[in-house]
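Reviewing the structure listed below.
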Amino acid sequence: MRAVSHRIPTEFGNDVYVALEDFDRRLYFRWDLTTDTIDLNKPVPQNNYDIPSKIACASSMLWHSALIHPDETHLLRVYLHTIFRHLERYRNRTRNASCKLRLRDRSRMDYLWSEIHIITYYDGLKPVVAYGNIRNIQAQKLWQQRVEREAAHDKLTGLLNKDACKKRIIDYLAGLSRDIDQAAMLLIDADGFKGINDTFGHLFGDAVLTDMGNAILHNFRHSDIKGRIGGDEFIVLFRNMTNVPVLKERCDRLIHNLNRKYKNGNEELPFSISIGASFYPDHGTSYTELFKHADRALYEAKSQGKNQYMIYHPSLIGQASITNHRAPVDFEGLQQKAFKDNMIEFIFRLLYETNSPEATISLSLGMFGKQFNLDRVAVDRFNPATNQYTTAFEWLSPNGVSLKPQEHREDISRLLCLRNNMVLSGYKATSYGVMSICEDTAEKEEEYQECIQFFQIGAFAHCLISHGSDTLGCIGFESTAPHVFKEEAIRKLSIFAVILGNILLTPHDDNKLRQQNAHLRDLLDHMQEIIYVIDKITMHPVYFNRTIRQALPDGMAKQPCYQLFHKRQTPCPNCPVQKLSGEGSEYIQCEIDNWNSGAKICSRACNLFWDDTNGRPLALVIQEPF
């Protein structure tokens with residue numbers, strides 16, 4: 001076959017852009033806002049989207065054609081509403097926007113997660129045209145969802161962990177109407193578990209807890225929220241409780257199923273559970289109220305002989321003799337103490353356990369707020385294209401006021417700009433980094449007093465977050481009253497800013513891919529699964545996580561993966577890597593034979609873009625431990 005020759009370009013021209021578009025598989029479009037027409041840039045590269053090359057009446061067609069997933073159509077409404085607000089600061093300028101949403105694929109049977117960047121141009125105050133691109137991020141989104149799903153579940157029982165369960169219950173309760181809805185919160189506690197753990201050992205104790213979690217999982221409905229909140233303590237939110245006798249029957253059945261005896265030689269140890277229940281809205285409408293009252297009922301069940309359930313009734317409040325049987329294990333108190341004693345170790349342990357920088361940041365902000373008695377702790381991201389700071393993560397005390405625009409009915413953009421200018425004007429270099437500190441905002445200039453009153457800012461301490469020479473944002477401590485920021489608070493603020501800039505926050509710029517990959521390697525090293533990256537052509541591994549490195553004999557790393565792990569001379573028949581397309585974003589899962597035991601193991605693979613591989617096509621492979 002004769003090779004196709006190409007003219008070597010001497011500058012960036014249309015042919016170079018076309019080649020780059022075709023390689024990157026990004027779609028570029030132009031939206032004429034005066035005629036409401038969208039045109040894809042031609043020639044259009046091969047793609048998996050159901051997007052025509054021209055869309056007339058675009059704003060209506062995008063809304064009604066189901067091209068955008070129904071759960072994300074509101075983003076289109078927000079964009080259109082935003083650009084047509086005629087704000088003076090955009091006169092004869094441009095406005096940048098980006099979002100992540102799902103677009104219908106070519107088969108019209110599914111949707112693909114995509115990232116869209118769009119620049120809108122204004123003629124005076126009128127938006128006239130927008131240019132943008134669409135990038136397929138399906139593989140990254142599926143990976144993120146898997147990580148978030150694993151971070152939300154207790155590894156021993158498979159139920160939700162404490163934080164994830166609490167959040168889901170709070171979110172569910174927020175959507176209820178106290179006039180028409182009913183629900184029940186159940187706290188389930190093991191009776192005599194310590195004796196079993198001490199007598200039979202921790203491994204047997206873990207098996208008992210696993211059995212207990214499995215019984216809870218199958219005793220309640222799929223729609224109910226079920227989680228493990230402590231060592232032998234579980235919680236269930238019984239949703240849509242329209243029939244109290246049904247709830248009681250479920251409690252009786254669970255108690256009966258878990259009432260048993262364990263034997264060790266001549267010694268026999270009983271095991272049972274106790275349950276405390278509270279009802280929405282009769283006993284409270286918030287997570288805190290329902291939890292407190294269910295906990296009272298649980299104590300009552302235990303104090304009256306255990307192995308039973310008790311529904312909260314108000315007379316329990318007046319029993320002065322009641323002491324909280326859970327007091328010796330104050331999980332939140334232990335967390336707060338661990339954070340205070342060794343903040344850095346706590347943050348890294350949290351990162352390794354959750355595999356989620358977002359969850360680590362959110363939980364750490366709350367730890368700071370409680371330790372230093374603050375009302376707002378937040379991380380703001382800096383966008384160099386717009387020179388603007390926007391709140392990315394935020395923790396509020398009951399007195400704190402959010403700076404997120406969506407939390408306010410009125411337009412707060414002017415006040416937010418004033419507030420940001422107030423903080424920015426105070427930045428100066430200190431021994432702890434570049435900081436802006438004010439311990440009493442009553443002393444600030446008169447021009448800032450309006451935003452100070454609106455956002456109830458009595459004092460603040462902010463530290464810039466940087467990565468090399470790039471500014472990524474800032475981390476801030478705020479109080480609604482004048483507040484003295486002691487050296488410990490300033491020091492920890494500075495340390496957390498460094499951790500944010502180098503590990504937890506990743507730059508927006510694609511040129512920072514190397515830092516992102518280093519972070520990915522660090523997280524993969526602390527996962528228990530067998531994880532490796534292979535060259536898709538040679539099937540030779542280019543990276544192993546720590547789980548493999550510790551068990552791999554020297555000199556074996558140069559073998560192809562099928563020979564290294566499965567003792568085969570040819571690729572595995574059902575290998576997920578072989579099913580991946582050249583550069584697609586799909587996520588393949590299948591079962592392959594394990595040479596060691598003959599059993600099948602779950603194996604997952606997706607294409608991976610790494611930093612230092614000279615363009616080699618790579619795949620990330622995750623296998624369950626053999």
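This chain uses plain numbering: 1 for the first residue, then up along the sequence.
In this structure, Tyr111 and Ala66 approach most closely via the heavy-atom pair OH-O, 2.7 Å. The shortest heavy-atom contact between Asn421 and Tyr448 is O-OH, 3.9 Å. Minimum heavy-atom separation, Val423 to Ser436: O-OG, 2.7 Å. Residues Val128 and Asp32 approach most closely at O-OD1, 3.7 Å, considering heavy atoms. When all heavy atoms of Phe485 and Ile437 are compared, the closest pair comes out as CD1-CG2, 4.2 Å. Between Met185 and Ala294, the closest heavy-atom pair is O-CB, 3.9 Å.
Not one N or O on the side chain of Asp295 forms a donor-acceptor pair closer than 3.5 Å with the backbone of Phe291. For Thr430 (side chain) and Gly433 (main-chain N/O), a donor-acceptor pair under 3.5 Å exists by modelled atom type. Looking at Asp154, its side chain never comes within 3.5 Å of a backbone N or O of Asn161 through a donor-acceptor pair. The closest donor-acceptor contact from the side chain of His283 to the backbone of Phe279 lies under 3.5 Å. Side-chain N or O atoms of Asn92 include one that pairs as donor or acceptor with a backbone N or O of Gly124 at under 3.5 Å. A donor-acceptor contact shorter than 3.5 Å links the side chain of Gln449 to the backbone of Thr441. With hydrogens and angles disregarded, no donor-acceptor distance shorter than 3.5 Å links the side chain of Lys162 to the backbone of Gly227. At least one donor-acceptor pair under 3.5 Å links the side chain of Asp36 to the backbone N or O of Ser59. The closest donor-acceptor contact from the side chain of Ser402 to the backbone of Glu407 lies at 3.5 Å or more, if one exists at all. Panel note: side chain Glu289, backbone Thr285; a donor-acceptor pair is recorded below 3.5 Å.
A donor atom on one side chain and an acceptor atom on the other are found under 3.5 Å apart for His462 and Glu478. A donor and an acceptor atom, one from each side chain of Thr120 and Tyr131, are nowhere located under 3.5 Å apart. A donor-acceptor contact closer than 3.5 angstrom links the side chains of Asp380 and Thr391. If you check the side chains of Thr288 and Ser286, you find no donor sitting under 3.5 Å from an acceptor. Judged purely by distance below 3.5 Å, without hydrogens or angles, the side chains of Asn399 and Ser397 never pair a donor atom with an acceptor atom. For the residue pair Asn136/Trp113, the side-chain donor-acceptor check at 3.5 Å is not satisfied. Glu115 and Ser98 form no side-chain donor-acceptor contact under 3.5 Å, judged by distance and modelled atom types alone.
A 6.0 Å sphere centred on NZ of Lys404 holds more than 12 heavy atoms belonging to other residues, nucleotides or ligands. In this structure, Arg93 places its CZ atom where only 12 or fewer heavy-atom neighbours from other residues, nucleotides or ligands lie under 6.0 Å away. Around CD of Glu410, the count of heavy atoms belonging to other residues, nucleotides or ligands within 6.0 Å exceeds 12. Within a 6.0 Å sphere centred on NZ of Lys167, heavy atoms belonging to other residues, nucleotides or ligands number 12 at most.
The shortest distance between side-chain heavy atoms of Arg376 and Glu394 falls below 4.5 Å. Taking the side chain as every heavy atom from C-beta outward, Ser364 and Phe496 approach each other to under 4.5 Å. No side-chain heavy atom of Met422 sits under 4.5 Å from any side-chain heavy atom of Glu447. Side chains of Leu33 and Ile83 form a contact here, defined as non-hydrogen atoms less than 4.5 Å apart. Proximity of Arg104 to Tyr49: side-chain heavy atoms (C-beta onward) are nowhere separated by under 4.5 Å. Residues Ile225 and Cys165 have side chains in contact (heavy-atom distance under 4.5 Å, counting atoms from C-beta outward). Residues Lys486 and Ile490 form no side-chain contact, since every pair of their non-hydrogen atoms from C-beta on lies 4.5 Å or further apart. Residues Asp375 and Leu396 have side chains not in contact (no heavy-atom distance under 4.5 Å, counting atoms from C-beta outward).
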Start with the C-alpha distance between Lys54 and Asp39, add both sets of side-chain angles, then the distance that settles salt bridge (Lys or Arg N to Asp or Glu O under 4.0 Å), and finish with yes or no. CA-CA 5 Å; Lys54 189 181 191 68; Asp39 292 288; 3.0 Å; yes

For ring pair (Phe, Tyr, Trp, His ring centres under 6.0 Å), just list the numbers for Phe477 and Phe460, CA-CA rounded to whole Å, side-chain angles, deciding distance to a tenth of an Å, and then say yes or no. CA-CA 6 Å; Phe477 291 173; Phe460 62 82; over 10 Å; no

Between Tyr28 and Leu40, does the side chain to side chain contact (heavy atoms under 4.5 Å, CB included) criterion hold? Intermediate values first, please. CA-CA 6 Å; Tyr28 292 83; Leu40 294 186; over 6 Å; no

Lys492 vs Met367, side chain to side chain contact (heavy atoms under 4.5 Å, CB included): CA-CA, chis, key distance, verdict: CA-CA 11 Å; Lys492 288 193 172 182; Met367 293 293 176; over 6 Å; no

Starting from the C-alpha separation in whole Å, work towards a yes-or-no answer on side chain to side chain contact (heavy atoms under 4.5 Å, CB included) for His69 and Leu103. CA-CA 6 Å; His69 192 281; Leu103 297 175; over 6 Å; no

Begin from the C-alpha positions of Ile118 and Arg95 and carry the test side chain to side chain contact (heavy atoms under 4.5 Å, CB included) through to its verdict. CA-CA 8 Å; Ile118 188 166; Arg95 183 167 187 165; over 6 Å; no

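The line from OG of Ser60 to CD1 of Ile55 is 12.0 Å long, rounded to the nearest 0.5 Å. The structure places CG of Leu75 at 10.5 Å from CZ of Arg102, a figure rounded to the nearest 0.5 Å. Note that the CD1 atom of Ile169 and the CG atom of Leu237 stand 5.0 Å from one another [nearest 0.5 Å]. For the atom pair CG (Leu112) and CG (Leu101), the distance works out to 11.5 Å, reported to the nearest 0.5 Å. Here Tyr427 contributes atom OH and Thr471 contributes atom OG1; the two are 9.5 Å apart, rounded to the nearest 0.5 Å. Ile137 CD1 to Lys100 NZ: the interatomic distance, rounded to the nearest 0.5 Å, is 5.0 Å.
Using bins of under 30°, 30° to 60° and over 60° for the plane-to-plane angle, the ring pair Tyr122/Tyr90 lands in the parallel bin.
The cationic group of Arg178 does not satisfy the cation-pi geometry with Tyr280, failing either the under 6.0 Å distance to the six-membered ring centre or the 45° limit from the ring axis.
Between Asp224 and Arg239, no side-chain nitrogen of the basic residue sits less than 4.0 Å from a carboxylate oxygen of the acidic one, so the salt-bridge criterion is not met. A salt bridge is defined here as a Lys NZ or Arg NE, NH1 or NH2 lying under 4.0 Å from an Asp or Glu carboxylate O, and Arg91 with Glu88 meets this definition.
Within the 6.0 Å centre-distance limit, the rings of His408 and Phe454 are counted as a close aromatic pair.
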